[in-house]
A.B. asks: 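I'd like to ask you about the structure that follows.
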Amino acid sequence: MNQGKGAATPAGSAEPVRLHNTMSRRLEPLRPLRAGEVGIYTCGPTVYDAPHIGNLRTFLFEDVLRRSLHLLGYRVTQVMNLTDVEDKIIDGAHRAGQSIAEFTAPHVDEFFADLAALGIEPAEHYPRATEHIDGMIELIEALIEQGYAYTAEGGVFFRIDRFERYGRLSGIDLSQVVRGERVADDEYGKDDVRDFVLWKSAKPGEPSWPSPWGDGRPGWHIECSAMSRHFLGETFDIHCGGVDNIFPHHENEIAQSECAHQAPFVRHWLHSEHLMVDGEKMSKSKGNIYRLADLPQRGASLRALRYLFLSVHYRRKINFTDASLDAAGSALRRLDELRFRLEHVAGGGPDSTADGDAGGEEARQSDDRADATGFQEVLDALRRDFRAALADDLNLSAGLAALFRFVKETNRRLEAGLETRQAAAALAALAEVDRVLGVLDPEAWLEPTQSAAAWLGDAEIEALVERRDAARAERDWTEADRLRDELSAAGVVLEDTPGGTLWRRS
Ligand code: AMP
Ligand code: ZN
(Lines give C-alpha, C1' and ligand atoms only; values in the text may rest on other atoms or scores of the structure.)
(Ligands and ions follow the chains in the order given, each with its own letter.)
Protein backbone atom coordinates (compact mmCIF):
# COMPACT_ATOMS: atom_id res chain seq x y z
CA MET A 1 0.00 0.00 0.00
CA ASN A 2 1.04 3.53 -0.64
CA GLN A 3 2.56 5.02 2.49
CA GLY A 4 2.64 8.55 1.08
CA LYS A 5 5.64 10.73 0.59
CA GLY A 6 5.13 12.44 3.97
CA ALA A 7 5.53 9.18 5.86
CA ALA A 8 9.26 9.84 6.22
CA THR A 9 8.69 13.16 8.02
CA PRO A 10 8.76 12.90 11.81
CA ALA A 11 5.26 13.43 13.28
CA GLY A 12 6.45 16.20 15.61
CA SER A 13 7.44 18.46 12.73
CA ALA A 14 3.96 18.74 11.18
CA GLU A 15 3.03 22.34 10.44
CA PRO A 16 -0.20 23.93 11.77
CA VAL A 17 -3.11 23.86 9.32
CA ARG A 18 -6.49 25.63 9.33
CA LEU A 19 -9.41 24.02 7.54
CA HIS A 20 -13.02 25.05 7.13
CA ASN A 21 -15.31 22.86 9.24
CA THR A 22 -18.81 22.43 7.78
CA MET A 23 -20.10 21.68 11.29
CA SER A 24 -19.03 25.03 12.80
CA ARG A 25 -19.06 26.88 9.44
CA ARG A 26 -15.71 28.38 10.45
CA LEU A 27 -12.02 27.94 9.77
CA GLU A 28 -10.58 25.84 12.59
CA PRO A 29 -7.10 24.55 13.35
CA LEU A 30 -6.74 20.88 12.50
CA ARG A 31 -6.15 19.06 15.79
CA PRO A 32 -5.56 15.39 14.98
CA LEU A 33 -6.31 12.82 17.68
CA ARG A 34 -2.69 11.65 17.40
CA ALA A 35 -0.11 14.39 16.82
CA GLY A 36 1.09 14.46 13.24
CA GLU A 37 -1.25 11.67 12.07
CA VAL A 38 -4.53 12.24 10.29
CA GLY A 39 -7.31 9.74 9.61
CA ILE A 40 -9.53 10.70 6.66
CA TYR A 41 -12.74 9.05 5.51
CA THR A 42 -13.93 9.94 2.02
CA CYS A 43 -17.24 8.76 0.58
CA GLY A 44 -16.44 6.90 -2.61
CA PRO A 45 -18.29 6.03 -5.80
CA THR A 46 -21.38 3.95 -6.37
CA VAL A 47 -19.97 1.54 -8.92
CA TYR A 48 -22.83 1.17 -11.40
CA ASP A 49 -21.21 3.25 -14.14
CA ALA A 50 -17.94 5.05 -14.95
CA PRO A 51 -17.38 8.19 -12.88
CA HIS A 52 -18.17 11.55 -14.49
CA ILE A 53 -15.78 14.44 -14.13
CA GLY A 54 -18.02 15.99 -11.42
CA ASN A 55 -17.37 12.96 -9.22
CA LEU A 56 -13.71 13.27 -10.11
CA ARG A 57 -13.59 16.87 -8.93
CA THR A 58 -14.50 15.68 -5.45
CA PHE A 59 -11.94 12.85 -5.55
CA LEU A 60 -9.30 15.29 -6.77
CA PHE A 61 -10.05 17.69 -3.92
CA GLU A 62 -9.47 14.78 -1.53
CA ASP A 63 -6.19 14.05 -3.30
CA VAL A 64 -5.12 17.67 -2.78
CA LEU A 65 -6.02 17.36 0.90
CA ARG A 66 -3.90 14.23 1.42
CA ARG A 67 -0.99 15.54 -0.65
CA SER A 68 -1.05 18.88 1.21
CA LEU A 69 -1.06 17.17 4.60
CA HIS A 70 1.87 15.00 3.49
CA LEU A 71 3.82 18.03 2.32
CA LEU A 72 3.14 19.78 5.63
CA GLY A 73 4.55 16.81 7.52
CA TYR A 74 1.53 14.68 8.49
CA ARG A 75 1.05 10.97 8.12
CA VAL A 76 -2.25 10.22 6.44
CA THR A 77 -4.51 7.20 6.50
CA GLN A 78 -7.25 7.68 3.93
CA VAL A 79 -10.20 5.33 3.55
CA MET A 80 -12.50 5.50 0.53
CA ASN A 81 -15.44 3.12 0.35
CA LEU A 82 -16.87 1.62 -2.81
CA THR A 83 -20.65 1.34 -2.69
CA ASP A 84 -21.19 -1.95 -4.46
CA VAL A 85 -24.72 -2.75 -3.30
CA GLU A 86 -27.50 -0.28 -4.00
CA ASP A 87 -30.74 -0.02 -6.00
CA LYS A 88 -29.14 1.05 -9.30
CA ILE A 89 -26.59 -1.73 -9.00
CA ILE A 90 -29.23 -4.33 -8.26
CA ASP A 91 -31.33 -3.14 -11.23
CA GLY A 92 -28.33 -3.08 -13.55
CA ALA A 93 -27.13 -6.54 -12.52
CA HIS A 94 -30.66 -7.91 -12.87
CA ARG A 95 -31.08 -6.47 -16.38
CA ALA A 96 -27.68 -7.80 -17.46
CA GLY A 97 -28.37 -11.21 -15.91
CA GLN A 98 -25.22 -10.89 -13.82
CA SER A 99 -24.25 -11.20 -10.18
CA ILE A 100 -23.43 -7.99 -8.28
CA ALA A 101 -19.72 -8.86 -8.43
CA GLU A 102 -19.82 -9.43 -12.21
CA PHE A 103 -21.81 -6.26 -12.85
CA THR A 104 -19.68 -3.95 -10.69
CA ALA A 105 -16.21 -5.32 -11.66
CA PRO A 106 -15.76 -3.25 -14.87
CA HIS A 107 -17.00 -0.08 -13.14
CA VAL A 108 -14.55 -0.60 -10.30
CA ASP A 109 -11.79 -0.89 -12.92
CA GLU A 110 -12.99 2.28 -14.68
CA PHE A 111 -12.97 4.12 -11.38
CA PHE A 112 -9.37 3.16 -10.56
CA ALA A 113 -8.25 3.85 -14.13
CA ASP A 114 -9.75 7.36 -13.96
CA LEU A 115 -8.09 8.11 -10.63
CA ALA A 116 -4.73 7.06 -12.05
CA ALA A 117 -5.29 9.01 -15.26
CA LEU A 118 -5.88 12.20 -13.25
CA GLY A 119 -2.81 11.66 -11.07
CA ILE A 120 -4.85 10.97 -7.93
CA GLU A 121 -2.72 9.16 -5.33
CA PRO A 122 -4.19 5.91 -4.03
CA ALA A 123 -5.87 5.92 -0.61
CA GLU A 124 -4.62 3.43 1.97
CA HIS A 125 -7.89 1.46 1.98
CA TYR A 126 -10.70 0.93 -0.52
CA PRO A 127 -13.22 -1.25 1.34
CA ARG A 128 -16.34 -2.48 -0.42
CA ALA A 129 -19.71 -2.39 1.26
CA THR A 130 -20.35 -6.08 0.52
CA GLU A 131 -17.21 -6.98 2.53
CA HIS A 132 -18.48 -5.24 5.68
CA ILE A 133 -22.05 -6.48 6.08
CA ASP A 134 -21.24 -8.02 9.50
CA GLY A 135 -20.00 -4.69 10.84
CA MET A 136 -23.19 -3.00 9.62
CA ILE A 137 -25.38 -5.63 11.28
CA GLU A 138 -23.47 -5.13 14.55
CA LEU A 139 -24.09 -1.38 14.42
CA ILE A 140 -27.79 -1.81 13.67
CA GLU A 141 -28.11 -4.24 16.60
CA ALA A 142 -26.48 -1.66 18.90
CA LEU A 143 -28.94 0.99 17.68
CA ILE A 144 -31.98 -1.26 18.23
CA GLU A 145 -30.77 -2.24 21.71
CA GLN A 146 -30.49 1.42 22.72
CA GLY A 147 -33.88 2.34 21.28
CA TYR A 148 -32.63 4.39 18.33
CA ALA A 149 -33.89 1.99 15.69
CA TYR A 150 -36.96 -0.19 15.14
CA THR A 151 -38.09 -2.94 12.81
CA ALA A 152 -41.10 -2.34 10.60
CA GLU A 153 -42.48 -3.47 7.30
CA GLY A 154 -39.68 -2.98 4.77
CA GLY A 155 -36.77 -3.34 7.19
CA VAL A 156 -35.10 -1.54 10.09
CA PHE A 157 -35.32 2.23 10.46
CA PHE A 158 -33.52 4.92 12.46
CA ARG A 159 -35.83 7.01 14.62
CA ILE A 160 -34.47 10.49 14.14
CA ASP A 161 -36.52 12.20 16.83
CA ARG A 162 -34.43 10.22 19.37
CA PHE A 163 -31.30 12.11 18.28
CA GLU A 164 -31.44 15.70 19.42
CA ARG A 165 -28.47 16.90 17.42
CA TYR A 166 -29.95 15.68 14.13
CA GLY A 167 -29.66 18.41 11.51
CA ARG A 168 -26.72 20.33 13.02
CA LEU A 169 -24.36 19.66 10.12
CA SER A 170 -26.73 20.75 7.37
CA GLY A 171 -28.81 23.21 9.39
CA ILE A 172 -31.89 21.60 7.88
CA ASP A 173 -35.26 22.58 9.33
CA LEU A 174 -36.91 19.24 10.00
CA SER A 175 -40.31 20.76 10.64
CA GLN A 176 -40.46 21.31 6.86
CA VAL A 177 -40.39 17.57 6.29
CA VAL A 178 -43.89 16.55 7.35
CA ARG A 179 -45.56 13.29 8.23
CA GLY A 180 -47.58 11.70 5.52
CA GLU A 181 -45.34 12.88 2.71
CA ARG A 182 -44.63 10.48 -0.12
CA VAL A 183 -41.97 7.93 0.79
CA ALA A 184 -40.00 5.39 -1.20
CA ASP A 185 -42.13 2.37 -2.20
CA ASP A 186 -40.16 -0.03 -0.07
CA GLU A 187 -40.06 2.18 3.04
CA TYR A 188 -43.75 2.68 3.74
CA GLY A 189 -43.61 0.77 7.03
CA LYS A 190 -41.66 3.43 8.88
CA ASP A 191 -43.24 5.34 11.79
CA ASP A 192 -42.17 8.78 10.63
CA VAL A 193 -41.47 9.94 7.10
CA ARG A 194 -38.21 11.50 8.29
CA ASP A 195 -36.82 8.19 9.59
CA PHE A 196 -34.28 6.55 7.33
CA VAL A 197 -33.60 2.95 6.47
CA LEU A 198 -30.76 0.96 8.05
CA TRP A 199 -31.62 -2.47 6.69
CA LYS A 200 -33.87 -3.14 3.67
CA SER A 201 -35.83 -6.39 3.54
CA ALA A 202 -35.16 -8.32 0.34
CA LYS A 203 -37.76 -8.43 -2.40
CA PRO A 204 -38.13 -11.74 -4.25
CA GLY A 205 -35.19 -12.42 -6.57
CA GLU A 206 -32.96 -9.67 -5.10
CA PRO A 207 -29.45 -10.38 -3.85
CA SER A 208 -29.55 -10.49 -0.06
CA TRP A 209 -27.66 -11.30 3.12
CA PRO A 210 -29.04 -13.04 6.24
CA SER A 211 -29.61 -10.87 9.32
CA PRO A 212 -31.50 -11.04 12.65
CA TRP A 213 -34.31 -9.16 10.79
CA GLY A 214 -34.53 -11.52 7.88
CA ASP A 215 -32.75 -11.55 4.54
CA GLY A 216 -32.00 -8.16 3.12
CA ARG A 217 -29.28 -5.61 2.46
CA PRO A 218 -27.91 -2.55 4.21
CA GLY A 219 -29.05 1.00 3.55
CA TRP A 220 -26.44 3.32 2.03
CA HIS A 221 -25.70 5.44 5.13
CA ILE A 222 -24.87 2.58 7.49
CA GLU A 223 -22.05 1.48 5.16
CA CYS A 224 -19.95 4.51 5.88
CA SER A 225 -20.55 4.36 9.65
CA ALA A 226 -19.41 0.72 9.70
CA MET A 227 -16.39 1.08 7.40
CA SER A 228 -15.08 4.27 9.01
CA ARG A 229 -15.27 2.58 12.43
CA HIS A 230 -13.47 -0.49 11.12
CA PHE A 231 -10.47 1.42 9.75
CA LEU A 232 -10.35 4.67 11.73
CA GLY A 233 -12.19 4.00 15.01
CA GLU A 234 -15.34 5.45 16.57
CA THR A 235 -13.94 8.99 16.50
CA PHE A 236 -11.63 10.20 13.76
CA ASP A 237 -10.14 13.37 12.34
CA ILE A 238 -11.57 14.30 8.92
CA HIS A 239 -14.58 13.24 6.88
CA CYS A 240 -14.96 14.53 3.31
CA GLY A 241 -17.41 14.46 0.47
CA GLY A 242 -19.16 16.67 -2.04
CA VAL A 243 -21.66 19.20 -0.69
CA ASP A 244 -24.55 17.00 -1.87
CA ASN A 245 -23.45 14.44 0.73
CA ILE A 246 -24.11 16.80 3.67
CA PHE A 247 -27.82 16.04 3.75
CA PRO A 248 -29.03 13.43 4.27
CA HIS A 249 -26.00 11.13 3.96
CA HIS A 250 -23.57 12.71 6.42
CA GLU A 251 -26.29 13.82 8.75
CA ASN A 252 -27.43 10.19 8.93
CA GLU A 253 -23.89 8.88 9.40
CA ILE A 254 -23.51 11.19 12.43
CA ALA A 255 -26.82 10.01 13.90
CA GLN A 256 -25.97 6.31 13.49
CA SER A 257 -22.37 6.49 14.72
CA GLU A 258 -22.90 8.82 17.67
CA CYS A 259 -25.97 6.96 18.92
CA ALA A 260 -24.39 3.51 18.52
CA HIS A 261 -21.08 4.47 20.15
CA GLN A 262 -22.14 7.28 22.48
CA ALA A 263 -18.98 9.02 21.32
CA PRO A 264 -18.22 11.94 18.99
CA PHE A 265 -17.95 10.79 15.36
CA VAL A 266 -15.90 13.26 13.27
CA ARG A 267 -13.78 16.20 14.40
CA HIS A 268 -13.55 18.06 11.10
CA TRP A 269 -16.02 17.96 8.19
CA LEU A 270 -14.82 19.09 4.75
CA HIS A 271 -17.07 19.39 1.72
CA SER A 272 -16.16 20.42 -1.80
CA GLU A 273 -18.43 22.35 -4.12
CA HIS A 274 -19.81 21.03 -7.36
CA LEU A 275 -18.68 21.01 -10.91
CA MET A 276 -21.35 22.85 -12.88
CA VAL A 277 -22.42 22.96 -16.51
CA ASP A 278 -24.40 25.99 -17.68
CA GLY A 279 -25.31 26.85 -14.10
CA GLU A 280 -26.45 23.32 -13.16
CA LYS A 281 -24.74 20.60 -11.13
CA MET A 282 -23.15 18.02 -13.40
CA SER A 283 -25.14 14.86 -12.72
CA LYS A 284 -26.26 11.79 -14.52
CA SER A 285 -29.92 12.52 -13.90
CA LYS A 286 -29.61 15.90 -15.67
CA GLY A 287 -27.88 14.29 -18.64
CA ASN A 288 -25.12 16.93 -18.61
CA ILE A 289 -22.18 14.73 -17.73
CA TYR A 290 -18.75 14.37 -19.31
CA ARG A 291 -16.31 11.56 -18.73
CA LEU A 292 -12.53 11.64 -19.04
CA ALA A 293 -12.86 9.83 -22.36
CA ASP A 294 -14.84 12.83 -23.75
CA LEU A 295 -12.03 15.32 -23.21
CA PRO A 296 -9.90 14.58 -26.29
CA GLN A 297 -12.89 15.40 -28.53
CA ARG A 298 -12.98 18.82 -26.89
CA GLY A 299 -9.29 19.23 -27.67
CA ALA A 300 -8.48 19.15 -23.97
CA SER A 301 -5.96 17.10 -22.04
CA LEU A 302 -6.44 15.36 -18.69
CA ARG A 303 -3.55 17.39 -17.43
CA ALA A 304 -5.44 20.61 -18.23
CA LEU A 305 -8.49 19.21 -16.40
CA ARG A 306 -6.41 18.48 -13.30
CA TYR A 307 -4.97 22.00 -13.48
CA LEU A 308 -8.45 23.53 -13.89
CA PHE A 309 -9.73 21.65 -10.82
CA LEU A 310 -6.69 22.67 -8.78
CA SER A 311 -6.99 26.31 -9.72
CA VAL A 312 -10.41 26.89 -8.13
CA HIS A 313 -10.76 26.73 -4.36
CA TYR A 314 -12.56 23.57 -3.26
CA ARG A 315 -15.39 25.54 -1.62
CA ARG A 316 -16.24 27.34 -4.87
CA LYS A 317 -18.21 25.98 -7.78
CA ILE A 318 -16.39 25.39 -11.06
CA ASN A 319 -18.20 26.13 -14.29
CA PHE A 320 -16.98 23.62 -16.85
CA THR A 321 -16.38 25.36 -20.20
CA ASP A 322 -13.99 25.04 -23.13
CA ALA A 323 -12.62 28.48 -22.25
CA SER A 324 -11.72 27.37 -18.73
CA LEU A 325 -9.91 24.30 -20.11
CA ASP A 326 -8.06 26.48 -22.64
CA ALA A 327 -6.95 28.85 -19.90
CA ALA A 328 -5.64 25.85 -17.92
CA GLY A 329 -3.76 24.66 -21.02
CA SER A 330 -2.14 28.10 -21.46
CA ALA A 331 -1.06 28.21 -17.83
CA LEU A 332 0.55 24.79 -18.25
CA ARG A 333 2.40 25.94 -21.36
CA ARG A 334 3.98 28.78 -19.41
CA LEU A 335 5.04 26.35 -16.73
CA ASP A 336 6.43 23.88 -19.30
CA GLU A 337 8.43 26.61 -20.98
CA LEU A 338 10.04 27.64 -17.73
CA ARG A 339 10.84 24.06 -16.88
CA PHE A 340 12.30 23.46 -20.31
CA ARG A 341 14.55 26.49 -20.07
CA LEU A 342 15.67 25.51 -16.59
CA GLU A 343 16.47 21.96 -17.68
CA HIS A 344 18.45 23.36 -20.56
CA VAL A 345 20.51 25.54 -18.23
CA ALA A 346 20.85 22.89 -15.53
CA GLY A 347 22.11 20.53 -18.22
CA GLY A 348 24.78 23.10 -19.21
CA GLY A 349 23.12 24.45 -22.41
CA PRO A 350 23.95 27.79 -24.04
CA ASP A 351 21.63 29.81 -21.74
CA SER A 352 24.03 29.23 -18.85
CA THR A 353 26.74 31.22 -20.66
CA ALA A 354 24.73 33.89 -22.40
CA ASP A 355 25.71 35.76 -25.54
CA GLY A 356 27.73 38.94 -25.37
CA ASP A 357 31.32 40.10 -25.49
CA ALA A 358 33.97 39.57 -22.86
CA GLY A 359 33.09 42.83 -21.08
CA GLY A 360 29.42 41.87 -20.92
CA GLU A 361 30.37 38.46 -19.56
CA GLU A 362 32.43 40.04 -16.77
CA ALA A 363 29.63 42.41 -15.84
CA ARG A 364 27.16 39.53 -15.77
CA GLN A 365 29.34 37.40 -13.55
CA SER A 366 29.37 40.12 -10.93
CA ASP A 367 25.57 40.50 -11.35
CA ASP A 368 25.24 36.74 -10.82
CA ARG A 369 27.16 36.97 -7.57
CA ALA A 370 24.77 39.67 -6.40
CA ASP A 371 21.87 37.61 -7.73
CA ALA A 372 22.92 34.39 -6.01
CA THR A 373 21.53 35.63 -2.70
CA GLY A 374 18.62 37.31 -4.44
CA PHE A 375 17.65 34.10 -6.15
CA GLN A 376 17.68 32.21 -2.86
CA GLU A 377 14.99 34.65 -1.73
CA VAL A 378 12.95 33.79 -4.85
CA LEU A 379 13.21 30.08 -4.00
CA ASP A 380 12.38 30.68 -0.34
CA ALA A 381 9.37 32.83 -1.24
CA LEU A 382 7.89 30.05 -3.35
CA ARG A 383 8.39 27.46 -0.65
CA ARG A 384 7.05 29.72 2.12
CA ASP A 385 4.09 31.20 0.24
CA PHE A 386 2.99 27.89 -1.29
CA ARG A 387 3.00 26.12 2.09
CA ALA A 388 1.25 29.03 3.79
CA ALA A 389 -1.45 28.90 1.11
CA LEU A 390 -2.02 25.17 1.68
CA ALA A 391 -2.12 25.61 5.45
CA ASP A 392 -4.82 28.24 4.96
CA ASP A 393 -7.73 25.95 4.04
CA LEU A 394 -5.95 24.48 0.99
CA ASN A 395 -5.92 27.84 -0.77
CA LEU A 396 -4.41 26.62 -4.01
CA SER A 397 -5.39 29.78 -5.88
CA ALA A 398 -2.98 31.63 -3.60
CA GLY A 399 -0.48 28.76 -4.05
CA LEU A 400 -0.64 29.10 -7.82
CA ALA A 401 -0.29 32.88 -7.55
CA ALA A 402 2.96 32.25 -5.62
CA LEU A 403 4.05 29.82 -8.34
CA PHE A 404 3.46 32.36 -11.10
CA ARG A 405 5.37 35.05 -9.18
CA PHE A 406 8.19 32.53 -9.15
CA VAL A 407 7.81 31.87 -12.90
CA LYS A 408 7.95 35.56 -13.69
CA GLU A 409 10.96 36.23 -11.51
CA THR A 410 12.86 33.14 -12.67
CA ASN A 411 12.21 33.96 -16.32
CA ARG A 412 13.58 37.44 -15.72
CA ARG A 413 16.73 35.98 -14.20
CA LEU A 414 17.04 33.45 -17.00
CA GLU A 415 17.18 36.35 -19.43
CA ALA A 416 20.08 37.76 -17.45
CA GLY A 417 21.76 34.34 -17.23
CA LEU A 418 21.17 31.89 -14.42
CA GLU A 419 23.88 29.65 -12.98
CA THR A 420 23.63 25.91 -13.49
CA ARG A 421 23.18 25.22 -9.78
CA GLN A 422 20.53 27.94 -9.50
CA ALA A 423 18.59 26.33 -12.33
CA ALA A 424 18.88 22.97 -10.58
CA ALA A 425 17.62 24.55 -7.33
CA ALA A 426 14.70 26.09 -9.22
CA LEU A 427 13.80 22.68 -10.67
CA ALA A 428 13.95 21.18 -7.17
CA ALA A 429 11.61 23.91 -5.89
CA LEU A 430 9.15 23.11 -8.69
CA ALA A 431 9.36 19.41 -7.87
CA GLU A 432 8.46 20.16 -4.25
CA VAL A 433 5.42 22.20 -5.27
CA ASP A 434 4.48 19.39 -7.63
CA ARG A 435 4.17 16.95 -4.73
CA VAL A 436 0.79 18.63 -4.24
CA LEU A 437 -0.05 19.88 -7.74
CA GLY A 438 0.97 16.73 -9.59
CA VAL A 439 0.81 18.52 -12.97
CA LEU A 440 4.22 20.05 -13.54
CA ASP A 441 6.01 17.10 -15.08
CA PRO A 442 4.83 16.81 -18.70
CA GLU A 443 6.46 13.41 -19.05
CA ALA A 444 4.10 11.97 -16.46
CA TRP A 445 1.20 13.00 -18.70
CA LEU A 446 1.81 11.28 -21.99
CA GLU A 447 -1.77 10.81 -23.03
CA PRO A 448 -3.23 8.62 -25.71
CA THR A 449 -4.41 11.71 -27.60
CA GLN A 450 -0.84 12.81 -28.00
CA SER A 451 0.39 9.49 -29.26
CA ALA A 452 -0.05 7.87 -32.65
CA ALA A 453 -2.40 10.31 -34.41
CA ALA A 454 -0.61 13.45 -33.35
CA TRP A 455 2.91 12.03 -33.48
CA LEU A 456 5.32 14.06 -35.61
CA GLY A 457 8.74 13.00 -36.84
CA ASP A 458 11.81 15.20 -36.21
CA ALA A 459 11.83 16.54 -39.78
CA GLU A 460 8.15 17.54 -39.56
CA ILE A 461 8.75 19.28 -36.26
CA GLU A 462 11.78 21.15 -37.68
CA ALA A 463 9.69 22.27 -40.64
CA LEU A 464 6.87 23.57 -38.41
CA VAL A 465 9.35 25.32 -36.15
CA GLU A 466 10.95 27.00 -39.18
CA ARG A 467 7.55 28.12 -40.46
CA ARG A 468 6.80 29.55 -37.05
CA ASP A 469 10.14 31.38 -36.96
CA ALA A 470 9.32 32.84 -40.38
CA ALA A 471 5.86 33.94 -39.18
CA ARG A 472 7.44 35.58 -36.16
CA ALA A 473 9.99 37.36 -38.35
CA GLU A 474 7.04 38.77 -40.30
CA ARG A 475 5.29 39.65 -37.04
CA ASP A 476 2.39 37.38 -37.97
CA TRP A 477 1.61 36.47 -34.36
CA THR A 478 -1.67 34.70 -35.15
CA GLU A 479 0.05 32.23 -37.45
CA ALA A 480 2.97 31.85 -35.02
CA ASP A 481 0.57 31.03 -32.16
CA ARG A 482 -1.38 28.61 -34.32
CA LEU A 483 1.83 26.74 -35.17
CA ARG A 484 2.88 26.70 -31.53
CA ASP A 485 -0.51 25.18 -30.62
CA GLU A 486 -0.18 22.59 -33.36
CA LEU A 487 3.21 21.59 -32.02
CA SER A 488 2.00 21.65 -28.45
CA ALA A 489 -0.91 19.32 -29.35
CA ALA A 490 1.70 16.90 -30.67
CA GLY A 491 3.55 17.12 -27.37
CA VAL A 492 6.34 19.43 -28.56
CA VAL A 493 7.53 22.16 -26.22
CA LEU A 494 9.20 25.28 -27.64
CA GLU A 495 11.59 27.73 -26.14
CA ASP A 496 12.40 31.00 -27.84
CA THR A 497 16.00 31.99 -27.16
CA PRO A 498 18.11 34.79 -28.61
CA GLY A 499 19.89 32.15 -30.70
CA GLY A 500 16.64 30.77 -32.24
CA THR A 501 13.85 28.40 -31.23
CA LEU A 502 14.68 25.25 -29.30
CA TRP A 503 12.25 22.36 -29.19
CA ARG A 504 11.84 19.02 -27.44
CA ARG A 505 9.19 16.39 -27.01
CA SER A 506 7.29 16.51 -23.71
P1 AMP B 1 -21.79 9.05 -6.22
O2 AMP B 1 -21.05 8.02 -7.02
O3 AMP B 1 -22.99 9.61 -6.90
O4 AMP B 1 -22.10 8.57 -4.82
O5 AMP B 1 -20.81 10.31 -6.06
C6 AMP B 1 -19.49 10.20 -5.65
C7 AMP B 1 -18.97 11.55 -5.17
O8 AMP B 1 -19.04 12.50 -6.23
C9 AMP B 1 -19.75 12.15 -4.01
O10 AMP B 1 -18.83 12.58 -3.02
C11 AMP B 1 -20.49 13.33 -4.61
O12 AMP B 1 -20.62 14.37 -3.67
C13 AMP B 1 -19.57 13.74 -5.73
N14 AMP B 1 -20.24 14.46 -6.84
C15 AMP B 1 -21.34 14.08 -7.54
N16 AMP B 1 -21.65 15.01 -8.49
C17 AMP B 1 -20.72 16.00 -8.40
C18 AMP B 1 -20.47 17.24 -9.10
N19 AMP B 1 -21.23 17.65 -10.11
N20 AMP B 1 -19.41 17.98 -8.71
C21 AMP B 1 -18.61 17.58 -7.70
N22 AMP B 1 -18.78 16.43 -7.01
C23 AMP B 1 -19.82 15.64 -7.34
ZN1 ZN C 1 -20.49 7.98 2.84
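The figures that follow rest on heavy atoms only: side chains count, while hydrogens, waters and symmetry mates do not. Numbering of ligands and ligand atoms starts at 1, following listing order.
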A.B. asks: Mark up the atoms of ligand 1 that fall under 4.0 Å of a heavy atom belonging to G54, in ascending order.
C.D. replies: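 Checking each atom against G54, I get 17 (C), 18 (C), 19 (N), 20 (N), 21 (C), 22 (N), 23 (C).
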A.B. asks: Quick test: of every protein heavy atom, which one is nearest to atom 14 (N) of ligand 1, and how far off is it to 0.1 Å?
C.D. replies: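 Atom 14 (N) of ligand 1 sits closest to the protein heavy atom N55 ND2, 3.6 Å.
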A.B. asks: What class does the angle between the rings of H230 and H132 fall in, given that below 30° is parallel, 30 to 60° is tilted and above 60° is perpendicular?
C.D. replies: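 The rings of H230 and H132 stand perpendicular, inter-plane angle above 60°.
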A.B. asks: Does NZ in K286 sit with more than 12 non-hydrogen atoms of other residues, nucleotides or ligands closer than 6.0 Å?
C.D. replies: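 Yes - once you tally the heavy atoms of other residues, nucleotides and ligands closer than 6.0 Å, there are more than 12.
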A.B. asks: Between T46 and ligand 1, which part of the residue brings a heavy atom under 4.0 Å of the ligand: side chain, backbone, both or neither?
C.D. replies: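 It is both backbone and side chain that touch ligand 1.
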A.B. asks: Relative to the heavy atoms of P45, which atoms of ligand 1 are at a distance of less than 4.0 Å?
C.D. replies: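 Taking each heavy atom of P45 in turn, ligand 1 has 2 (O) under 4.0 Å.
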A.B. asks: When the ring planes of Y126 and F112 are compared, do they come out parallel, tilted or perpendicular, using 30° and 60° as the limits?
C.D. replies: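 The rings of Y126 and F112 stand perpendicular, inter-plane angle above 60°.
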A.B. asks: Please confirm whether K284 comes under 4.0 Å of ligand 1, counting heavy atoms of the residue only.
C.D. replies: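 Per 4.0 Å heavy-atom rule, K284 does not contact ligand 1.
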A.B. asks: Cationic tip of R298 within the cone over Y290's six-membered ring, i.e. under 6.0 Å and within 45° of the normal?
C.D. replies: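 Satisfied, under 6.0 Å and within 45°.
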A.B. asks: Any idea which N/O/S atom from E253 gets closest to the Zn ion (ligand 2)?
C.D. replies: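 Nearest N/O/S atom: OE2.
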A.B. asks: Which of the numbered atoms in ligand 1 are below 4.0 angstrom from a heavy atom of M282?
C.D. replies: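 By the 4.0 Å cutoff, the relevant atoms are 16 (N), 18 (C), 19 (N).
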A.B. asks: Checking one value in my table: which N/O/S atom of H249 lies closest to the Zn ion (ligand 2)?
C.D. replies: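 For H249, the N/O/S atom sitting closest to the Zn ion (ligand 2) is NE2.
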A.B. asks: Give the residue and atom name of whichever protein heavy atom lies nearest to atom 9 (C) of ligand 1, and the separation in Å to one decimal.
C.D. replies: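 Closest protein heavy atom to atom 9 (C) of ligand 1: N245 OD1, 3.5 Å.
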A.B. asks: Does this structure show an ion pair linking R18 with D393, if we count only N-O contacts that are shorter than 4.0 Å?
C.D. replies: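 Looking at D393 together with R18, the answer is no, because their closest N to O distance does not fall below 4.0 Å.
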A.B. asks: Is it true that K200 and D87 have a side-chain N and a carboxylate O under 4.0 angstrom from each other?
C.D. replies: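 Result for this pair is yes, salt bridge flagged.
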A.B. asks: Is it the side chain, the backbone, both or neither of M276 that has a heavy atom closer than 4.0 Å to ligand 1?
C.D. replies: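 Near ligand 1, M276 shows nothing, with every heavy atom at 4.0 Å or more.
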A.B. asks: Do H271 and N245 have side-chain atoms, one donor and one acceptor, less than 3.5 Å apart?
C.D. replies: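 H271 vs N245: no donor-acceptor pair found between side chains.
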A.B. asks: Report, in ascending order of atom number, the atoms of ligand 1 lying under 4.0 Å from any heavy atom of L275.
C.D. replies: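 Atoms satisfying the 4.0 Å criterion: 18 (C), 19 (N), 20 (N), 21 (C).
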A.B. asks: With the threshold set at 4.0 Å, does a side-chain nitrogen-carboxylate oxygen contact exist between R387 and E432?
C.D. replies: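 Counted as a salt bridge, because a side-chain N and a carboxylate O are separated by less than 4.0 Å.
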A.B. asks: How close does the nearest protein non-hydrogen atom get to atom 11 (C) of ligand 1, and which residue and atom is it?
C.D. replies: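 The answer is D244 OD1, 3.5 Å.
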A.B. asks: Between V243, T58, N81, flag the one that comes closest to atom 13 (C) of ligand 1 by a heavy atom.
C.D. replies: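 It is T58 whose heavy atom sits nearest to atom 13 (C) of ligand 1.
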A.B. asks: Would you say the Zn ion (ligand 2) has C224 as a near neighbour, meaning an N/O/S atom of that residue under 2.8 Å away?
C.D. replies: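 An N, O or S atom of C224 is closer than 2.8 Å to the Zn ion (ligand 2), so yes.
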A.B. asks: Students often mix this up, so state it plainly: with edges at 30° and 60°, are the rings of F61 and Y314 parallel, tilted or perpendicular?
C.D. replies: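 Ring orientation, 0 to 90° scale: parallel.
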